[in-house]
Amino acid sequence: YAYANPAVKDYDAVGGGLRPFTVNIYGTDPAELEKLALATLEHVRAAPGFKDADVNFRPGKPEFRVELDQNRAQQLGVSAASVGQELRTQVEGIEAAKYRIDGVEYKVRVRMQESERDLKQEFPKVYVPNLNKTLVRLADVAKPVETVGPSKITRQDRGRYVQISSDIAPGAGLGNMVDDVTKYLTTELKLKPTDFAFVGQAENFKELGESMAIAMGAGILFIYLVLASLYESFAVPFTIMLALPLAICGSFVALFLAGESLNIFSMIGVIMLLGVATKNSILLVDYANQQLDKGVDRATAILQAGRTRLRPILMTTMALIAGTMPIALGLNEASKQRTSMGVAIIGGLISSTILTLVVVPAAYSYVDRFRVWSS
């Protein structure tokens, strides 16, 4: 059934008719637009990650057109409206009268003989009226053109576009697919960013990435401001926030090992880690500061903080991992789509817990020296 271009995919509960990957290519020249669309379709079919790629362009049926010579038509007094009306009448006929009998009305349509309706064959014999109601031979004011017309014309914002769509193969990421097609359109086909646009899930994914980046940046800024006001220092928060990159790296590694993609749920899990991962650093730094206030030297304070806070750090981390484990396992169909969030959280907790016990105490000694020196 390859001739039918079949596509097997999951049920679309949201609706809208758009496939996961959809890109529109805009243009004014139909021939050039068709060329660009077919080239993009070949690239999409050859690239990994795409499945059942298709284009909404379909070759049209043969057409016989009558193209009017404007200069010649003006000289002979023939208008485009009169030519169109006359040709429609000869091919389709015209309703000349209505016949009524016994309360029933019948339309009387006058048509040419079936052998005379073929404009292609009868073109030299066709006459059209001019403004003076004089018959003028159609061949004197127009020329016949045999071409192929489009089966469907899609428009948006007063311009034409052709749409290439595809499903996502198992294990592929929508972000990588969007980046690959964007690079191909801009480098290979030399298109401007305004000449194409992603729609549907591809568009939402790009907006999601931008929104998540803004949310992550705002979260990091607010965490720094709270810690700076809490410890009355601009340097100490940097020590605590060293756990953030450690947690994010652990999330990415866990997603890779579990075969999960970076989607909206995994992004939410990464943002949740911004607040959870810093708890271990806060426990260590806060206890070390308490020991320094008691007159204990810096090295001893760091060692005591690690020894004393190890148990609460492990207890809270184990509790969080245990609470997130059902999400990561995806025990039913409803929770399987959220497994990436659980994997990201667990991976970030494990990496931040293990590395925080090594990185934060080492960094604390340097940051505290800088704080004492700057004060």
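Between R117 and E122, no side-chain nitrogen of the basic residue sits less than 4.0 Å from a carboxylate oxygen of the acidic one, so the salt-bridge criterion is not met. Remark: R137 engages D140 in a salt bridge, criterion side-chain N to carboxylate O under 4.0 Å.
Judged by distance alone, the side chains of Q163 and N56 never bring a donor and an acceptor atom under 3.5 Å apart. A donor and an acceptor atom, one from each side chain of Q75 and N71, are nowhere located under 3.5 Å apart. If you check the side chains of S165 and T22, you find no donor sitting under 3.5 Å from an acceptor. If you check the side chains of S281 and T278, you find no donor sitting under 3.5 Å from an acceptor. Of the N and O atoms on the side chains of T182 and D179, not one donor lies less than 3.5 Å from an acceptor on the other residue.
A side chain to side chain contact (heavy atoms under 4.5 Å, CB included) with R338 is found for one member of I327, V343, I268, I264 and no other, namely I327. A side chain to side chain contact (heavy atoms under 4.5 Å, CB included) with P237 holds for exactly one of V367, L225, V285, L227; it is L227. When the options D167, D180, I168 are evaluated for a side chain to side chain contact (heavy atoms under 4.5 Å, CB included) with F50, the one that passes is D180.
Within the structure, salt bridge (Lys or Arg N to Asp or Glu O under 4.0 Å) pairs that include any residue of residues 82-96 comprise R88-E92 (at least two apart or interchain).
Among all heavy-atom pairs drawn from L138 and L87, the shortest one is CD2-CD2, 3.9 Å. Listed here is the closest heavy atom pair of S340 and E260: CB-OE1, 3.8 Å. Nearest heavy atoms, L242 versus L246: O-CG, 3.3 Å. Shortest non-hydrogen contact noted between V162 and A37 is CG1-CB, 3.4 Å. In plain terms, the two heavy atoms of T356 and A243 that are nearest each other are OG1-CB, 3.8 Å. The minimum heavy-atom distance between A247 and A277, with the atom names listed, is CB-CB, 3.7 Å.
You'll find the side chain of V91 reaches within 4.5 Å of the side chain of L119, heavy atoms only. Side-chain contact between L191 and L185 is present, with heavy atoms from C-beta onward closer than 4.5 Å. Within the 4.5 Å cutoff, no side-chain heavy atoms of K98 are placed close to those of Y106. Using a 4.5 Å heavy-atom threshold, the side chains of Y224 and I220 count as separate. Taking 4.5 Å as the limit, every side-chain heavy atom of D195 sits out of range of all side-chain heavy atoms of I25. Between T194 and Y26 there is no side-chain heavy-atom pair separated by less than 4.5 Å. You'll find the side chain of V199 stays beyond 4.5 Å of the side chain of V23, heavy atoms only. At a threshold of 4.5 Å between non-hydrogen side-chain atoms, the residues L273 and S251 count as touching.
Environment of CZ in F256: sparse, with no more than 12 heavy atoms of neighbouring residues, nucleotides or ligands closer than 6.0 Å. Few gaps surround CD on E105; more than 12 heavy atoms of other groups in view lie less than 6.0 Å from it. Within 6.0 Å of CZ on R311 lie no more than 12 heavy atoms contributed by other residues, nucleotides or ligands. Atom CE of M112 is surrounded by more than 12 heavy atoms from other residues, nucleotides or ligands within 6.0 Å. Atom CD of Q85 sits in a sparse spot, with 12 or fewer heavy atoms from other residues, nucleotides or ligands closer than 6.0 Å.
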Apply side chain to side chain contact (heavy atoms under 4.5 Å, CB included) to residues I271 and M267 and explain how you reach the verdict. CA-CA 6 Å; I271 291 180; M267 289 181 181; 5.6 Å; no
Worked check of side chain to side chain contact (heavy atoms under 4.5 Å, CB included) between M212 and V270: CA-CA 10 Å; M212 287 297 179; V270 172; over 6 Å; no
Take M325 and I346 through the side chain to side chain contact (heavy atoms under 4.5 Å, CB included) test and state the conclusion after the steps. CA-CA 8 Å; M325 189 65 70; I346 292 176; 4.1 Å; yes
Determine, stepwise, if the pair E63 / R65 fulfils salt bridge (Lys or Arg N to Asp or Glu O under 4.0 Å). CA-CA 6 Å; E63 290 183 350; R65 297 181 182 178; 3.1 Å; yes
Test side chain to side chain contact (heavy atoms under 4.5 Å, CB included) on L33 and T28; report intermediate values, then the result. CA-CA 7 Å; L33 196 59; T28 55; over 6 Å; no
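No donor-acceptor pair under 3.5 Å is formed between the side chain of D102 and the backbone N or O of V104. With S351 contributing its side chain and G347 its backbone, the two residues share a donor-acceptor pair below 3.5 Å. The backbone N or O of K183 lies less than 3.5 Å from a partner atom in the side chain of T187, making a donor-acceptor pair. A side-chain donor-acceptor contact under 3.5 Å links S166 to the backbone of K51. Here the side chain of S365 pairs a donor or acceptor atom with the backbone of A362 at under 3.5 angstrom. Between the side chain of T89 and the main chain of I94, no donor-acceptor pair closer than 3.5 Å is present. Although no hydrogens or angles enter the test, the distance criterion places no donor-acceptor pair under 3.5 Å between the side chain of S82 and the main chain of V78. Side chain of T308 to backbone of A305: no donor-acceptor contact under 3.5 angstrom is found. Between the side chain of D29 and the backbone N or O of A31 there is at least one donor-acceptor pair closer than 3.5 Å.
The structure places OG1 of T324 at 8.5 Å from CE of M341, a figure rounded to the nearest 0.5 Å. Here the straight-line distance linking atom CZ of R298 with atom CG of L292 works out to 7.0 Å at 0.5 Å rounding. Here the CD1-CD1 distance, from I345 to I321, works out to 11.0 Å after rounding to the nearest 0.5 Å. Distance check: T147 OG1 to E67 CD gives 8.5 Å after rounding to the nearest 0.5 Å. Here the CD-CZ distance, from Q74 to R72, works out to 12.5 Å after rounding to the nearest 0.5 Å. Rounded to the nearest 0.5 angstrom, T317 OG1 and M315 CE are separated by 10.5 Å.
The aromatic rings of H43 and Y184 sit parallel to each other, their planes meeting at less than 30°, with 60° as the upper class boundary. Below 30°, between 30° and 60°, or above 60°: for F196 and F198 the angle between ring planes is above 60°, a perpendicular geometry.
Placement of M216 and M241 within a single hydrophobic cluster is found when ILVMFWY residues are connected by side-chain heavy-atom separations under 4.5 Å, directly or transitively. Linking Ile, Leu, Val, Met, Phe, Trp and Tyr whenever their side-chain heavy atoms come within less than 4.5 Å leaves V128 and V110 in two separate clusters. Residues V358 and L283 do not share a hydrophobic cluster, defined by chaining ILVMFWY side chains whose heavy atoms lie under 4.5 Å apart. Under a hydrophobic clustering in which Ile, Leu, Val, Met, Phe, Trp and Tyr are joined whenever their side-chain heavy atoms come within less than 4.5 Å, directly or via other members, L255 and L329 fall into the same cluster. In terms of hydrophobic clustering, with Ile, Leu, Val, Met, Phe, Trp and Tyr side chains grouped at heavy-atom distances under 4.5 Å, L230 and F222 are assigned to a common cluster.
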